[in-house]
Structures are given as C-alpha cells and as structure tokens.
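Here is the structure we will look at, set down as structure tokens.
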Amino acid sequence: MPELPEVETVRRSLIKHLIGRTIEEVEVFLPKIIRYMEVAQFQESLKNQQFLAIERRGKYLLAHLSKGWTLVVHLGMTGRLYYLPVDKGQPLSSTSLPLTPSSLPLTKGSEAPRHVHAILSLDNGGSLVYHDYRQFGYLTLSRTNETMCLKGLKELGPEPLEDKFSLPVLQRGVQGRKAKIKQLLLDQRLVAGIGNIYADEILFTAGLHPERSGGSLTDAELKKLYRSIRYVLQKGIEFRGTSINDYVDGEGHPGEFQHHLQVYQRTGQACTRCSSVIQRVKVGGRSSHFCPQCQTEPAKI
DNA sequence: AATTGTACCTGTCAGC
DNA sequence: TGCTGACAGGTACAAT
C-alpha cells in the first residue's frame, strides 16, 4: 500500500495530533514488529518522550522525539498508523475507519483487537495505534543522529520531489542499465518512495512500456519520465493517497487517488486516452498494468 | 555486481 | 459449501 504519497499523507495528518504530546505508556502485542532492538528497550526508551517533529524519507516515517531519539515506522504493505483521540473508546470519526471495524473500539485493559500490534498512549488521553494485518511493516527506535544509518534508510536514493532529484540524477541512474524501467523505478536506491501503483501510473503518464530497458530511453523520453515522476507523485499527495483495500491516513480517512488511476488494476478496461484495452504483465514478479497503444513497445532485439 | 527466487503474513476472490 | 491457487500497496536475504 503505502508509497510516498500515502506515507506523506499519514505524516501530514498526524502532525497536529502528535507534536507536543508526550508518550506515557507503550504496549506491544506482537513483538516481531519491533525490529533491531529488544521490545522492553523499545518500550522503556519511548516512555516520557515528547514528539518534536515528524519527517518522511521515502516510505519511512521518522518521528523525532525529545532526548535525541527517533521513532522509525515502515508500513510495509498493509501497515496503518493512526491517532485515536481520548481514552481509546472514541474513534476520531466512526465513519472514517470503515476498513478497520475489527480494531475498534479499544477499551482499557481489553485485549487488543486483531491486527493492532502496538499502542502508544499519550498524555492527552489519545493514542497512536499501529495496525498491520500482513505484518510486513515494523517500528524501531534509533538515536536521531544515527537514523540515516539504519538498514533500509542508508541505501535510499534522492527524494523525488526535492531539488536534489534532478534530470541528470535520473539519467545517471537509468542510462546504460539493462534492467527494465519498471524495476528501476521500484529500486529505492535510485529514487526513494515509488511503489507498484505509482510506478505503473508514472509509466503511463510518460508513455513508456514497463519492459523498456533503462538504457533504451532517449533523452526526450527520460525528460518525460522525470516530469511524470514528479507530476504523478504530487497528484497522489494532492488526492491524499490511494485507498484500494485498507490504506487510511493518520486520522483514519481513506484517500481519493484510486478514482484517478489510469492503468493500475484496470486490466481489461478501456484506456482513458485511446480506448485500447489495458494489459497486465509480470515484471520482476510484480503486476504491471499498461496501455499497449499509449506506452511504446520495448525494442525487439 | 546484478539478478532471480523465495520468504515473511493474512485476506479475498475466482473457479472448480 | 468447501477447497485450491493466484494475487495483493514491500523489503530482505540467499543463491546464482
């Protein structure tokens, strides 16, 4: 689920609820979702710390805390991180969490609902809930000045929406590469934050077939790809992410970008641009959706 | 070094 | 009404 636009939306929606709050209690119901450290140490180190800032790097959320610690969250495929106001009993909006009926209501002392793996209780009576039915996501804690040394974070390429990600940077990452462009877009070392949905949408917008090799792209195509990366990710953020099965933001609200998808999960439907039938192929083990008319064929050599 | 397959999980849906 | 297999937003690691 959570690619750059979803993680960014979670970040923005959590800020107003968390900044200035202090963590009073930490419950962990599934120890394995705490990575790289002992659960007891995770719990102890979080206690009595205040949220100072929330940052995003690629698909990682970084909550900077007082005393020089940073809470690192990766949502994997199905992770949700959301704020529940006051005493766990009252969801922020009972209609806004249609996808988590099993996680509500939370009552003190009761066993955690299925798929709720951790709860941080805050000094205002609210809580920060981590929910993840496939359990691919994780939480960890690091010293703030060492966060970028963590596995996964230290290999990340540039942020696609920042100036550091320029056309020459993309060119250098792609030119001379034999790998298919779809796989290159998913490579977090090349550029951070693109996942399967946005990769397909970016390639459609750029008019590029997912199986084109990186090295086969012309300068004009690279320029179009560069602009498409920025355009599609920005649109994803504007529409607050893509909710297909279970993504919700930090307040439990689904996004709207699923209504604007051009190819992802539209196999067999008509292309919005030319009415050709959208096709699906496997590229590097991932489903890739494309329009055979609008996205130029790979070179047949 | 780069690439491929597999593992980690639960849930849904189509087909028999 | 089951059962089985394919598939689902992501990464990490072993084998080639």
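All chains are named by letter (A, B, ...) in the order of the sequence lines, taking the proteins before the strands, and each is independently numbered beginning at 1. Everything quoted here is computed from the prediction, not taken from an experiment.
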Under 3.5 Å for both donor-acceptor distances, Watson-Crick or wobble: does C:dT11 have a partner, and if so which one?
B:dA7

Given B:dT10, C:dC7, C:dA12, the nucleotide with the shortest approach to the side chain of A:Arg114
B:dT10

So, is A:Gln188 near the phosphate of C:dG10, with a side-chain N or O under 4.0 Å from OP1 or OP2?
no

Atom CE of A:Met77 to atom P of C:dT11: distance rounded to whole Å?
9 Å

Ignoring the backbone of A:Glu3, work out which of C:dG10, C:dA8, C:dC13 is nearest its side chain.
C:dG10

Angle class for the A:Tyr60/A:His74 ring planes (parallel below 30°, perpendicular above 60°, tilted otherwise)?
perpendicular

Kindly point out which of B:dT3, C:dA12, C:dT11 is positioned nearest to the side chain of A:Arg286?
C:dT11

Choosing from C:dG10, C:dA12, B:dG11, which nucleotide comes nearest the side chain of A:Arg35?
C:dA12

Using a strict cut-off of less than 4.0 Å between a Lys/Arg side-chain nitrogen and an Asp/Glu carboxylate oxygen, indicate whether A:Glu221 and A:Arg212 qualify as a salt bridge.
yes

Distances under 3.5 Å only, N/O to N/O: pair up the protein atoms with those of nucleotides 7-9 of chain B.
| unit_1 | atom_1 | unit_2 | atom_2 | d |
| --- | --- | --- | --- | --- |
| B:dC9 | OP1 | A:Lys32 | NZ | 3.2 |
| B:dC9 | O5' | A:Lys32 | NZ | 3.3 |
| B:dC9 | O2 | A:Arg134 | NE | 3.0 |

Aromatic centroids of A:Phe165 and A:Tyr226 separated by under 6.0 Å:
yes

Contact class for A:Arg177 (heavy atom, under 4.0 Å): base, sugar-phosphate, or nothing?
sugar-phosphate

A:Lys178 has its side chain closest, among C:dC13, B:dT3, C:dA8, to B:dT3

Side chains of A:Tyr198 and A:Thr242: is there a donor and an acceptor less than 3.5 Å apart?
yes

For the atom pair CD1 (A:Ile194) and CG (A:Asp200), what is the distance rounded to the nearest 0.5 Å?
11.5 Å

Along DNA chain C (nearest heavy atom to each residue), the more 5'-positioned of A:Gln265 and A:Gly152
A:Gln265

Side-chain N or O of A:Lys59 less than 4.0 angstrom from OP1 or OP2 on C:dT11?
yes

Could you state the atom-to-atom distance from CD of A:Gln183 to C1' of B:dT3 in whole Å?
8 Å

Geometric class of the A:Phe257/A:Phe239 ring pair [parallel <30°, tilted 30-60°, perpendicular >60°]
tilted

Kindly assign one of parallel, tilted or perpendicular to the pair A:Tyr82 and A:His131, based on the angle between their ring planes and the thresholds 30° and 60°.
tilted

Length of the CG-P vector between A:Asn245 and C:dG10, whole Å
13 Å

